[in-house]
Amino acid sequence: MQYHFNDIEAKWQKYWAENKTFQADNSSDKPKYYVLDMFPYPSGAGLHVGHPLGYIASDIYARYKRHKGFNVLHPQGYDSFGLPAEQYAIQTGQHPAVTTEENIKTYRRQLDQIGFSFDWSREVRTSDPNYYKWTQWIFIQLFESWYCKHTNKAFPIVELVKIFALEGNAAVEAVCDDNVDVFTAAQWNSFSSIKQQEILLQYRLTYLAETEVNWCPALGTVLANDEIVNGVSERGGHPVLRKKMTQWSMRISAYAERLLQGLDTIDWTDSLKESQKNWIGKSVGASVSFNVNNHDKEIEVFTTRPDTIFGVSFMTLAPEHELVSVITTPEQKSEVEAYIQATAKRSERDRMADVKTISGVFTGAYAEHPFSKEPIPIWIGDYVLAGYGTGAVMSVPCGDQRDYDFAKHFNIPIPNIFEGVDISEEAYADKENTVIANSDFLNGMNYKKATKRAIFELEQLGQGEGKTNYRLRDAVFSRQRYWGEPFPVYYVNGMPQMIDKAHLPIRLPDVEKYLPTETGEPPLGRADVWAWCTETNAIVDNNKINNKTVFPLELNTMPGWAGSSWYFFRYMDANNDQEFASEEALKYWENVDLYIGGSEHATGHLLYSRFWVKFMKDRGFVSVEEPFKKLINQGMILGTSAFVYRLSYMFANPREEEKIGSRLLKKLNNIYISHAEFISKGDLESNKKYLIELKGKLAEVAGLENAEALENLIVVPLPIHVKVEYVNASDELDIEGLRNDGEFGEDFKDAIFIGEKGAVINGGNDVYKVGREVEKMSKSKYNVVNPDSICQDYGADSLRLYEMFLGPLEQYKPWNTAGISGVHGFLKKLWKLYHQGDDINDPSYYISDPKTEGYYAGGKVVKRGFGVTDAEPTKDNLKTLHKTIKKVEEDIENFSFNTSVSTFMIAVNELTAQKCTSRDILEPLLVLLSPYAPHIAEELYSKLGHKESISTAKFPKFEEKYLVESSKNYPISFNGKMRFTLELPLDMSKEDIEATVMAHDKTKEQLQGRTPKKVIIVPGKIVNIVG
RNA sequence: GCUGAAGUGGUGGAAUUGGUAGACACGUUGGACUUAAAAUCCAAUGUCCAUUAGGACGUACGGGUUCAAGUCCCGUCUUCAGUACCA
């Protein structure tokens, strides 16, 4: 009875789909458990073996929790808005919805064949209007809300309007724009509607603002900082400019403190929490304003050390600071301007990498110390960043190393304000053990006291206050793209108006092309039917715009993170068209218990979702404060790229080029050498050596009579990616396959390959070995391994087990198909373990090969078939089973899936050796295995006579009593080195152990007459004899 | 620079509290079965010395604590990831 995995897997996948085995109920007596994967973006390339890693882990956990008696929600969907589909649309004219639909079909097919226990009845797609209707609705709620600092909560904006009408804004503690003017109730009531709307926009949680953005003209869109690599766009490598634009922003800064505090309440890894903490970047200190001498200007700075205010000996402004041009004296003007220009040329990366160089220029201007009234020189320096704080610092060289270095470099005095501290070599930044000196009223105080006093005195002067600064900036929410959620917004007199919930969704309009317009408007600017009629509440033709009843609609779309910031709630009630999810569903499922995904979302998706959830909680839409209770980052599966090495050459002497004809050059350009043929890549000396050896060959290969022509040629092997499918396990290249591959065109048609032995390959005389390197899987690197062929050749259960067996879930690891035979072999052994019967009544039984499907006994072929019996399990059987239960359960709880695969292998090896056929052992073993290899588990479980899916079976209970041992094989060590082992009863006393061990022949042999100094006995563990 | 993670056979990786380092696999070698191959099964496999018995050395490197260290402490190096010259 052979293990026909393809048939078995197809059978059970069909069974699960037809019986809706994994459909979750929104009510149950069982406790709930919500397991979620970060949903994929359905790219055109389909799934590769890296994608399922996290899905397999979460599926194992979800199935395990079902066995443990939980009502499990385990959904899946697609983050289906995104730039790649739009890029493809621009190139081909295909509507992104069409390609997205096709891609999703591929994804679904690929996901289904791996046997995930997803509840597909709850599928969500962010690009589906029935979904983005609610994304638009949440946007409207953000627009209709403001944040009260006093109660630390968001409230409806109508309540703010009431306050304004009653008492003005003077007493309102809200998170708002910096430049809000104070007004009274009377003033508010006298304002025009437009003026009122303008003011409210300064308070709304989503607002329009002029922001400086990274504008990429070639892509026609704004890019996030992390979409820019080395000053050009990550996608396509186009140049990027800074540009001011009016865009929607999200007032995420209002939630900075709660986002920080909330981290303590969730079970995430420390490294992830650390990234979010750094991203939020809280620092507590004070803002201080310095008057500029001879100008009616103030420079405001933020400092974390107001206690060191008397140590200020200069100030530094960022070169971009707005006051620089105002205060610079005529004498310093040319120098300052030159410095500003030089700084502007340097990229941020440059400035960052070059920490050691100290540069700066004196502006010629002075500020006044708030207390001592001494003049303080004002400098500019590029170590001060315009984007952080106020773009200016008060420099205290004795307490800050950067200030110290700057002062030393420019011979600025370094006053010491710390008692008994030597600052002749470096600054003293330790604030815990300082006593302030030379600081007037702060003398003799420690850091804490001095800080408090300094802030108090500054407040008295009206020149400062205590302040907490966050690095977290408000998030830009507009994208100049087509394939994203349209805003439910139209404009009346330039003021944004929200469309009522009843008329949502606002669907994406059709456009002819997906590019920005010639005038630089977003792609929606191309739509002909993109105006809002307030009478019919419908989208109408643009030429009906009269700005009385018909108004223009917003042309931007929302960013990728809009849809992914709340999708986990939609799964709870995915088909609800009245609400984003019903109150009952939200109450029942609460939030995600376990979230698995890549660490690349640490500061994007994971921060924005937390922000939206906190907002939704404030407004009473949901009842939870955090979206994801526990989060695990799965590591990436890397590809092993294959390289061939094209000889690229250059001439030490340019005239040489003429000596060699162009025909020859073409040939030279087409020679590939095997990996072992060279040792070092770019190093000239070894190249020369290599060249001498190669020269004869080149002359021969290139058909050159006169090898001297190659005299001054410098040869460098240039690595080129080739498809990994043309390389076998021994790194040998299938040259014919490569030559005939259409995708490479003529590239390799006439190529000459020099093999391992150094001969030109012609037929089977030599082999060509590729070079290998581990890299991220990507289409362009030709190193993508597709799960389809693995499912075909080994089965989904093998794939699942193998991906887990590869190593710890969180770790980055290269994919290597060679190892899959190990887990596949295990499944075959498992199958065999259940088919030890000799003569069976299995109707599906057939025999085509007596050697694999039966065995010889007494010269006869004995048929082999399903053979689980009711035999009483032996002590050894029970021990193996319970050892396995214990380990597997611990492993799953610790997400250590790789070790439980080993445990299964050990169990099957042991039970096979024990010739175990007992149902009492083999049935619970299947339940243990079923989260990992569900298909084979279902098949064998049904063969055991069960009519229900194994997913309903209870997880076996571990019983300690089967593992209790009466004896222990003690390792006997001498001076810490294990020499032999000795089987002794566990209840033996220390004294008896010592006596037995000391009397042993081997002990005497080891000691050779010496008397041991000491004998260490740890009962149940070890014996160590010292001496 | 800073922060975080890591470094163990030819390879992927085990070793949860300090207690027999290398589980489980892959690969390799040898053998059985076969006309042959595949499949399956058996054996060996950290390195070095030794015919065997056995021994020496071994968890990036250098020290230390301990009866005992992959595990704890100090220092150094390397790799990967994140990042912000954050006042």
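Below, chain A is the first sequence line, B the second, and so on; all start at residue 1. Excluded from the calculations below are hydrogen atoms, water molecules and symmetry mates; all remaining heavy atoms, backbone and side chain alike, are included.
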Whole-angstrom distance between B:rU45 and B:rU34, as gauged at atom P: 28 Å
Main-chain N/O of A:Ile936 paired with A:Asp797 side-chain donor or acceptor, under 3.5 Å: yes
Flag if over 12 foreign heavy atoms under 6.0 Å of CD, A:Glu983: yes
Within the sub-3.5 Å range, which N or O atoms of nucleotides 54-58 of chain B have a protein N or O partner, and how far apart are they?
| residue | atom | partner | partner atom | Å |
| --- | --- | --- | --- | --- |
| B:rG55 | OP1 | A:Gln1006 | NE2 | 3.4 |
| B:rA56 | OP2 | A:Arg979 | NH1 | 3.4 |
| B:rA56 | OP2 | A:Arg979 | NH2 | 3.3 |

P spacing across the pair B:rU71 / B:rC33, given as an integer number of angstrom: 49 Å
Check: A:Tyr794 ring centroid to A:Phe5 ring centroid under 6.0 Å: no
Residue matched to B:rA36 through Watson-Crick or wobble contacts both under 3.5 angstrom: none
Which residue lies more 5' along RNA chain B, comparing A:Trp279 with A:Asn975 via nearest heavy atoms: A:Asn975
Atom P, compared across B:rG22 and B:rA69: separation rounded to whole Å: 16 Å
Sugar-phosphate only, base, or nothing, as touched by A:Pro808 at under 4.0 Å among non-hydrogen atoms: sugar-phosphate
Electrostatic pair A:Lys883-A:Glu910, nearest N-O below 4.0 angstrom: yes
Most 5' of A:Lys813 and A:Gly822 on RNA chain B, judged by nearest nucleotide: A:Lys813
Spacing of the P atoms in B:rG13 and B:rA68 (rounded, Å): 32 Å
